[in-house]
Amino acid sequence: MSTTSQGKPCIICVAITGSVPRKEHNPAVPVSIAEQIESTQEAFEAGASIAHCHVRNADQTPTSDPERFALLQEGLHKHCPGMIVQLSTGGRSGAGQERGGMLSLRPDMASLSVGSNNFPTRVYENPPELVDWLASEMRQYEVKPEIEAFDLSHIHQAVKMNRDGRIAGKLYVQFVMGVKNAMPVDRETFDFYIKTVKRLAPEAEWCGAGIGPGQIQINEWAIAAGGHTRTGLEDNLRLDRETLAPSNAALVQRAVDLCDKYERPVASWPQARDILGLRPAN
């Protein structure tokens, strides 16, 4: 670890639910709005300052229903005051502009995928016209995008959109590694991602997210390298091969322990808002 990253606060994002994990996979996966609020509050108290949020129907299927997102956001504002609320515009929960129907709720942040790639059983389609529309909605409602980079080209595209004004403010880029049929958890690629961001967008902040058993590996690489990191039951259901994670908070605690190991303070929500250039908390 470089000495410059020692002492730099590390933002921990918790992806609480996602679109895929179900209770039969791990009973701790929060599905109802009440469960999600309770699970997020525990993760917030453990050290997470960003909540990455999806919503589900009663039968656990994913949805982009703005009313459900509104209820979740209201509950998080009440029970996790100051926490950064980041809503997902991901493609598993809806099609076309339906994916951005919740942006008028003016969350602090929203995920933005700027290109397509393969997923385990399908193509994750992000056509340019939809990407541009989602980005324009985020600008209109003052929602900061979190760029989800599943491929090197996504970093280059995000920088281009930032330079021409389609993405406002300082870039925040998240490297997503370990999705089957997409970018694997590979150290040289990870290091090249960091190098590329620093070369093309020196002021940008970056985050690492790993899927499944890659979660703890990416947590450690990101924290050691001076970046931020994401954890949570959306991406990984286990503490190890034999042990299911008992909660989102337990996965956050693993990241907190790594911050201690590498002498990185865990960012408080005011620090996280300052680092990312967000508006004051509601």
Side-chain angles (χ1 to χ4, degrees), residues 1-16 39-53 76 80-86 108-109 111 144-149 155 169-178 185 187 189-191 193-198 201-211 213-236 239 245 247-278 281:
M1 183 179 73
S2 67
T3 55
T4 56
S5 62
Q6 286 183 330
K8 177 183 177 182
C10 176
I11 298 170
I12 298 175
C13 173
V14 60
I16 55 175
S39 185
T40 305
Q41 184 178 12
E42 293 172 354
F44 181 50
E45 291 171 354
S49 53
I50 300 176
H52 175 77
C53 304
L76 295 182
C80 309
M83 192 179 198
I84 297 165
V85 176
Q86 181 189 105
D108 300 298
M109 301 182 73
S111 59
K144 184 177 184 67
E146 178 196 71
I147 306 304
E148 294 191 331
I155 297 174
K170 182 168 69 172
L171 275 179
Y172 188 55
V173 182
Q174 178 175 268
F175 315 144
V176 185
M177 308 183 84
V185 176
R187 184 56 194 253
T189 303
F190 180 83
D191 290 343
Y193 276 1
I194 298 172
K195 182 178 178 181
T196 301
V197 168
K198 289 183 176 179
E203 300 303 313
E205 295 286 341
W206 63 269
C207 171
I211 306 303
Q215 183 176 82
I216 191 67
Q217 186 71 77
I218 295 292
N219 288 160
E220 183 154 17
W221 290 354
I223 291 166
H228 309 291
T229 201
R230 164 169 144 165
T231 190
L233 291 168
E234 171 177 351
D235 300 338
N236 166 50
L239 293 178
S247 64
N248 276 301
L251 295 175
V252 170
Q253 186 60 52
R254 293 201 308 177
V256 170
D257 292 344
L258 286 170
C259 287
D260 291 342
K261 177 180 176 179
Y262 290 100
E263 300 179 32
R264 297 277 310 277
V266 175
S268 64
W269 66 260
Q271 288 174 318
R273 286 180 176 274
D274 182 61
I275 290 167
L276 298 176
L278 298 178

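Computed from a predicted model, the values in this text were never measured in an experiment. Counting begins at 1 with the first residue of the sequence.
Proximity of Thr231 to Gln215: side-chain heavy atoms (C-beta onward) are separated by under 4.5 Å at one or more points. At least one side-chain heavy atom of Leu251 sits under 4.5 Å from a side-chain heavy atom of Leu239. Looking only at side-chain heavy atoms (C-beta outward), Ile194 and Phe175 come within less than 4.5 Å of each other. Val185 places a side-chain heavy atom less than 4.5 Å from the side chain of Ile218. No side-chain heavy atom of Glu146 sits less than 4.5 Å from a side-chain heavy atom of Glu205. The side-chain heavy atoms of Leu258 and Ile216, taken from C-beta on, include a pair separated by under 4.5 Å. Residues Met109 and Leu276 have side chains in contact (heavy-atom distance under 4.5 Å, counting atoms from C-beta outward). Residues Met83 and Leu76 fail the side-chain proximity criterion, which asks for heavy atoms closer than 4.5 Å.
Across Lys144, Arg230, His52, a single residue satisfies side-chain hydrogen bond (donor to acceptor under 3.5 Å, both in side chains) together with Gln86, and that is His52.
Between the side chain of Arg264 and the backbone N or O of Pro9, at least one donor-acceptor pair lies under 3.5 Å. In this structure a side-chain-to-backbone donor-acceptor pair under 3.5 Å is missing from Asn248 to Gly232. A side-chain donor-acceptor contact under 3.5 Å links Lys170 to the backbone of Ile275.
The CH2 atom of Trp221 lies 7.0 Å from the CZ atom of Phe190; values are rounded to the nearest 0.5 Å. To the nearest 0.5 Å, atom CD1 of residue Ile11 and atom OG of residue Ser49 are 5.5 Å apart. Here the SG atom belonging to Cys207 is positioned 9.5 Å from the CD atom belonging to Glu148, to the nearest 0.5 angstrom. To the nearest 0.5 angstrom, Glu42 atom CD is 12.5 Å from Gln253 atom CD. For the atom pair CD1 of Ile50 and SG of Cys80, the computed distance is 13.5 Å after rounding to the nearest 0.5 Å. Summarising the geometry, atom OG1 belonging to Thr229 is positioned 8.0 Å from atom CH2 belonging to Trp206; distances are rounded to the nearest 0.5 Å.
Residues Gln174 and Ala209 share a closest heavy-atom pair of CD-CB, 3.8 Å. Scanning all heavy atoms of the two residues, the minimum distance from Pro213 to Asn236 falls at N-OD1, 4.5 Å. When every heavy atom of Ser247 is checked against every heavy atom of Ala250, the shortest pair comes out as OG-N, 3.0 Å. Between Leu233 and Ile16, the closest heavy-atom pair is CB-O, 3.9 Å. In plain terms, the two heavy atoms of Val256 and Gly47 that are nearest each other are CG2-CA, 4.5 Å. In terms of heavy-atom proximity, Phe44 sits nearest to Pro81 at CZ-O, 3.5 Å.
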- Just do the salt bridge (Lys or Arg N to Asp or Glu O under 4.0 Å) check on Asp191 and Arg187 with the steps written out, would you? CA-CA 6 Å; Asp191 290 343; Arg187 184 56 194 253; 2.9 Å; yes
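Listed by chain and residue number, nothing satisfies the side-chain hydrogen bond (donor to acceptor under 3.5 Å, both in side chains) test with Gln217 (two or more places apart in sequence, or in another chain).
The residues Asp257 and Lys261 are annotated as not salt-bridged, no charged nitrogen and carboxylate oxygen being separated by less than 4.0 angstrom.
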